[in-house]
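First the proteins, then the strands, lettered A, B, ... as listed; each starts at 1.
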Amino acid sequence: MEERYDPKKVEPKWQKYWAEKNLFKTSTDESLKKFYCLEMFPYPSGKIHMGHVRNYAIGDVIARYKRMRGFSVLHPMGWDSFGLPAENAAIKHGVHPSKWTYENISYMKAQLNKLGLSYDWDREVTTCSPDYYRWNQWFFIKMLEKGLAYRKSSYVNWCPSCATVLANEQVIDSKCWRCDSVVVQKQLDQWFLRITHYAEELLAACDELKGWPEKVVVMQKNWIGKSRGAEVVFRVDGVDEDIRIFTTRPDTLFGATFICLSPPHRLAKRLVEDKAELEKITAHYGKIDEKIGLFTGHYAINPMNGEKIPIYVANFVLMEYGTGAIMSVPAHDQRDFEFAGKYGLPIRTVIKPENSAIAQKSGSAEGDTPEGSAEVQKINSTEGNTPPQSTSAVADFRTSELQSAFEDEGVLIDSGSFSGMKSADAKEAIIGYIEDKGLGRGVVNYKLRDWGISRQRYWGTPIPVVYCERCGIVPVPEKDLPVILPEDVKFTGKGGSPLHESATFLDVACPTCGGKARRETDTMDTFVDSSWYFMRYCIEKNDPAIGSKLTAKSAELEYWMPVDQYIGGVEHAVLHLLYSRFFTRVLRDLGITSCSEPFTNLLTQGMVIKDGAKMSKSKGNVVDPDYLIDRYGSDTSRLFSLFAAPPERDLDWSDKGVEGAFRFLSRLWNIVYGNLSRLKETGAQPLDKQAMSGISAAGKALVRKTHQTIKKVTYDIEKEYHFNTAIAALMELVNEMTSFEAKGPEDDRILRFAVEQALLLISPFTPHLAEELWSCLGNDPCILERRWPEWDEELAREEEIELVIQVNGKLRGKTMVPLGLSDEEIKKLALEDPKIKEIIGAGNIRKVIVVKGRLVNIVVG
RNA sequence: GCCGGUGUGGUGGAACAGGCAGACGCGCCGGACUCAAAAUCCGGUUGGGGCAACCCAGUGAGAGUUCGAUUCUCUCCACCGGCACCA
């Protein structure tokens with residue numbers, strides 16, 4: 001046993017061997033069932049971090065496991081390589097973003113290979129390569145043709161520090177997701193993708209995402225934010241204008257006592273005389289400080305009752321949601337209530353609680369015991385649905401001394417012919433009424449807004465349009481794609497895109513009239529790149545027929561899509577994952593794929609935590625994967641990151657835990673090398689049931705444990721990918737092998753069987769070690785091409801079980817019993833147990849419950 | 001505020017689908033080996049009580065359903081995450 005476990009010898013050897021054998025090449029055997037396993041591709045920031053190691057270790061186990069189960073597996077990797085850090089590096093260090101990016105890619109690729117990840121590099125995707133981004137441009141032009149891409153001037157989120165526009169999804173707490181600067185609103189001409197066209201479909205299909213974490217589905221639903229309501233037209237008194245408002249509470253229309261316009265609303269400018277005052281309000285637009293308003297001096301007519309109500313401009317009304325104008329019902333909306341209080345506007349109650357008495361009581365019942373309020377409920381329900389009307393209760397709801405708005409639904413009062421209706425019915429009835437009279441209509445609104453993709457940045461996909469002095473916006477013809485990002489630019493960091501400096505890029509002849517034109521200098525949001533990269537992987541990197549395969553249906557895309565298992569961080573719950581669902585539908589409607597939903601199963605892995613915080617450079621609590629691999633090897637690094645926690649949970653880093661993982665692998669290594677000559681001599685013979693007769697009890701036990709482990713590891717991987725418990729089971733088996741003393745050739749055979757099964761089972765987790773030990777036993781290498789082991793239910797079964805005896809649910813005894821006793825026999829055994837007899841004593845046995853193979857519970861009264 | 005998640009030893013985490021709570025790992029304690037240490041190996045390790053066989057308590061708190069609850073139901077508490085002027 002001279003040979004010690006030294007990953008530095010083992011790991012490079014096998015990495016080289018696999019590469020030479022081209023072992024990770026994607027199978028083209030389309031008769032096999034396919035499995036597309038994908039991990040979110042990294043941004044090439046320089047070096048991989050522990051989060052990557054964890055993410056890719058999870059994916060690699062799945063990919064290797066599925067392959068051993070006989071699937072044809074697609075397991076690719078690539079680089080999300082456009083983005084701001086490259087440009088910042090250019091400004092700071094004077095390196096061209098391209099050089100910086102490709103150097104990082106090459107370093108990180110070597111790191112991934114050192115981890116022994118089973119990627120097919122013939123499908124590598126690099127988004128900053130013209131071969132890739134030309135398709136961004138092609139899709140964009142198709143979307144332009146279909147009206148799914150458009151240009152409009154709008155208020156946008158502007159990060160002053162990054163000097164660029166941000167998507168709503170990139171604004172977190174009014175701050176830039178990248179640099180934390182406070183985002184301001186700025187009016188700009190921008191390109192948008194019409195994701196709202198798919199709002200309803202994206203929402204409805206959320207319910208089909210059975211393989212996604214509930215949490216992510218809920219986040220997507222909330223983000224899309226569907227609400228039903230009505231659009232109602234209010235005439236402006238004395239001015240030939242209409243104000244369209246959106247409300248989800250048409251049942252409160254009679255309670256509207258004023259109107260609020262968003263500051264950018266067209267009519268705000270038209271109706272307000274004092275422009276300086278309007279400016280003040282506009283300055284506070286989009287800020288969450290105080291709510292301020294400005295009376296326009298004009299009135300609107302409530303179409304329901306003809307009443308004249310004042311029109312205000314208010315900073316809190318969003319232009320982007322609904323119509324940019326709201327009706328205010330202070331009695332039934334807390335925000336309106338506060339606004340009305342501040343500006344002395346009337347409050348009119350038009351909804352009362354369905355059961356005023358309850359409201360009164362529960363209002364005063366604060367601090368009551370749960371029993372107390374249950375009683376109130378009970379009394380009310382026995383009273384039926386016509387409780388005595390408390391006149392004072394109604395009066396309370398009408399006074400102007402309300403403490404807060406009553407926001408619940410209820411029964412309409414003071415609402416003309418609709419009085420007495422319940423809110424739900426009244427909504428329908430009022431919508432019907434306004435539709436009949438042409439005063440408005442029922443509508444559905446979404447929080448989801450179109451995706452602004454223009455970025456005033458260099459390192460991204462050029463948006464393929466030109467601006468012609470005569471023809472206006474002209475898309476670049478397909479034959480002229482790709483529009484190549486020029487390299488001859490300067491990085492000053494002085495704001496504005498460096499593309500403005502590139503004359504060769506900027507000046508162009510109009511494709512339509514040949515006249516003078518200027519190229520679009522904005523580039524695309526990098527989230528465009530990642531919205532379809534999973535489809536690009538389906539076709540080999542250098543496939544010459546790529547053009548026909550990405551513009552129409554291809555066998556490759558039809559075979560591989562959708563992704564069967566997607567793995568990545570939860571931080572993309574609404575950004576990348578929603579955009580990808582949108583893009584997949586666009587490509588479907590362009591006839592490129594028949595797939596609507598890109599990711600069948602999604603696993604969102606937890607963060608890597610150390611000392612109570614997420615590992616990050618700024619916190620100074622990072623563990624460098626290079627160091628870890630150098631010290632313990634990749635197998636140990638992979639094993640620990642899979643063992644310390646189930647994949648979806650946060651992983652608490654522990655240096656000691658890593659050592660534990662290394663110790664475990666060393667023990668397995670020592671079992672093989674410590675018994676190598678005998679294990680080799682005995683050879684790999686099948687160990688079936690016939691061979692089992694006449695072997696030692698210890699041998700039988702080890703065979704049993706081996707079969708049990710195969711079963712457990714298989715179950716744990718199949719069900720929820722609980723690798724931590726799978727590894728624990730393997731540790732148990734190794735512990736049992738360690739204490740197993742082989743006393744003859746029969747036992748050697750058994751040990752060899754156990755070892756080989758363990759190596760097959762552990763190979764997806766620690767492929768180098770498995771491969772090394774597998775081949776040193778004299779087996780052919782490439783364990784990945786072996787079949788996953790199967791267990792024999794009969795050999796896995798225990799011969800005896802430990803019967804637990806309970807009395808009144810409390811554990812009172814245990815006894816070994818043979819398998820397969822009848823309930824009656826078990827009952828008898830338990831009742832005859834002297835200790836149990838004593839405990840029961842003179843008690844009266846009321847009932848005996850037998851749970852097969854587990855326990856018996858004696859109920860004594 | 002709304003939505004979602006989590007809560008188990010000293011610690012990371014186990015416990016099929018209501019049936020022995022604490023698998024496996026880490027740490028700690030004891031032992032072997034060693035002049036000694038490290039490494040390795042063996043044993044122990046929820047708390048309290050008892051010489052002991054055993055007994056009592058115990059999965060954030062409180063109730064409920066059940067022969068039996070970490071698991072199901074309700075209320076509450078704490079922490080984490082997401083959204084947040086969306087009319």
Side-chain angles (χ1 to χ4, degrees), chain A residues 172-174 213-219 221-223 225-227 229 245-249 252 260 262 286-291 314-318 320-329 332-336 338-339 369-371 373-374 445-449 570-571 573-574 607 609 640 643-646 648-661 663-664 666-667 670 712 715 719 722 724-732 734-735 738-739 802-814 835 846-861:
Chain A
I172 294 149
D173 282 339
S174 319
E214 178 70 23
K215 174 185 172 178
V216 176
V217 175
V218 169
M219 279 167 79
K221 280 186 182 172
N222 292 344
W223 192 265
K226 178 178 182 170
S227 56
I245 62 98
F246 172 71
T247 179
T248 55
R249 293 293 302 273
T252 64
C260 287
S262 179
K287 288 190 187 166
I288 351 175
D289 42 19
E290 48 165 357
K291 292 174 181 53
N315 71 324
F316 65 87
V317 180
L318 302 171
E320 304 292 330
Y321 183 75
T323 58
I326 60 167
M327 68 171 189
S328 291
V329 186
H332 304 294
D333 180 289
Q334 186 58 26
R335 201 180 30 203
D336 294 344
E338 285 160 22
F339 193 87
T369 56
E371 294 79 32
S373 43
N445 242 310
Y446 300 92
K447 287 189 203 172
L448 182 71
R449 311 205 198 131
V570 73
E571 66 273 18
V574 280
M607 295 180 297
I609 305 285
F640 173 73
F643 176 62
E648 68 281 1
R649 290 251 285 257
D650 285 350
L651 183 154
D652 230 25
W653 189 262
S654 153
D655 293 331
K656 293 286 187 181
V658 178
E659 282 181 34
R663 265 203 290 275
F664 163 65
S666 301
R667 280 213 311 280
N670 291 340
K712 169 89 174 135
Y715 268 49
K719 207 194 102 230
H722 278 179
N724 55 332
T725 49
I727 293 165
L730 280 161
M731 286 172 169
E732 283 187 58
V734 168
N735 288 346
T738 307
S739 50
E802 194 180 36
L803 181 72
V804 168
I805 308 170
Q806 295 183 337
V807 177
N808 288 340
K810 282 197 186 237
L811 175 71
R812 292 301 173 188
K814 292 178 188 181
K835 217 188 109 196
R846 285 216 221 137
K847 206 178 189 188
V848 179
I849 293 143
V850 178
V851 184
K852 270 253 178 308
R854 284 184 196 276
L855 59 68
V856 52
N857 186 18
I858 303 160
V859 187
V860 180

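Listed nucleotides B:G68, B:A21, B:C3 differ in distance to A:Asn857; the shortest reach to its side chain belongs to B:G68. Closest to the A:Pro646 side chain, of the nucleotides B:A14, B:G19, B:U40, is B:A14. Residue A:Ser654 places its side chain closer to B:C26 than to any other of B:C26, B:C20, B:G81. Looking at the side chain of A:Leu855, the nearest of the listed nucleotides B:G13, B:G19, B:A87 is B:G19.
Residue contacts shown for A:Val851 include a base, since a base heavy atom lies under 4.0 Å away. Counting any heavy atom pair closer than 4.0 Å across all strands shown, A:Glu659 reaches no nucleic acid atom. Residue-level contact check: A:Gly660 touches the backbone only, with heavy atoms under 4.0 Å from sugar-phosphate atoms and none from bases. A:Lys656 comes within 4.0 angstrom of the backbone, heavy atoms only, and of no base. In this structure, A:Val317 reaches the bases: a heavy-atom distance under 4.0 Å links it to at least one base atom across the strands shown. If you check every strand for non-hydrogen atoms under 4.0 Å, A:Asn735 touches sugar and phosphate atoms only.
The same atom, P, is picked in B:A78 and in B:A69; the two are 28 Å apart, to the nearest Å. Using atom C1' as the reference point in both B:A14 and B:C24, the two lie 8 Å apart (nearest Å). The same atom, P, is picked in B:C72 and in B:A17; the two are 11 Å apart, to the nearest Å. Comparing the same atom, P, in B:G10 and in B:C3 gives a spacing of 35 Å after rounding to whole Å. Nucleotides B:G47 and B:C42 are separated by 27 Å at their C1' atoms, to the nearest Å. Between B:G25 and B:G18, the two P atoms lie 28 Å apart (nearest whole Å). B:G12 and B:C28 are spaced 16 Å apart, taking the P atom of each and rounding to whole Å. Look at the P atom in both B:G22 and B:G60: the space between them is 16 Å, to the nearest Å.
For the pair A:Trp223 CH2 and B:A84 P, the interatomic distance rounds to 5 Å; values are reported in whole Å. Whole-Å rounding puts the A:Met731 CE to B:C24 P distance at 11 Å. The CG-C1' distance, from A:Asn724 to B:A14, rounds to 8 Å in whole Å. A straight line from OH of A:Tyr715 to C1' of B:A17 spans 13 Å, rounded to a whole angstrom.
Residue A:Arg846 has no polar side-chain atom (N or O) positioned under 4.0 Å from OP1 or OP2 of B:C67. Checking the phosphate oxygens (OP1, OP2) of B:G27, a side-chain nitrogen or oxygen of A:Arg663 falls inside 4.0 Å. The shortest distance between the side-chain N/O atoms of A:Asn222 and the OP1/OP2 oxygens of B:C2 is not below 4.0 Å.
When the nearest nucleotides of RNA chain B are assigned to A:Glu214 and A:Leu651 by heavy-atom distance, the more 5′-ward of the two goes with A:Glu214. In this structure, A:Ala644 and A:Val570 both approach RNA chain B, and ranking their closest nucleotides by distance from the 5' end singles out A:Ala644.
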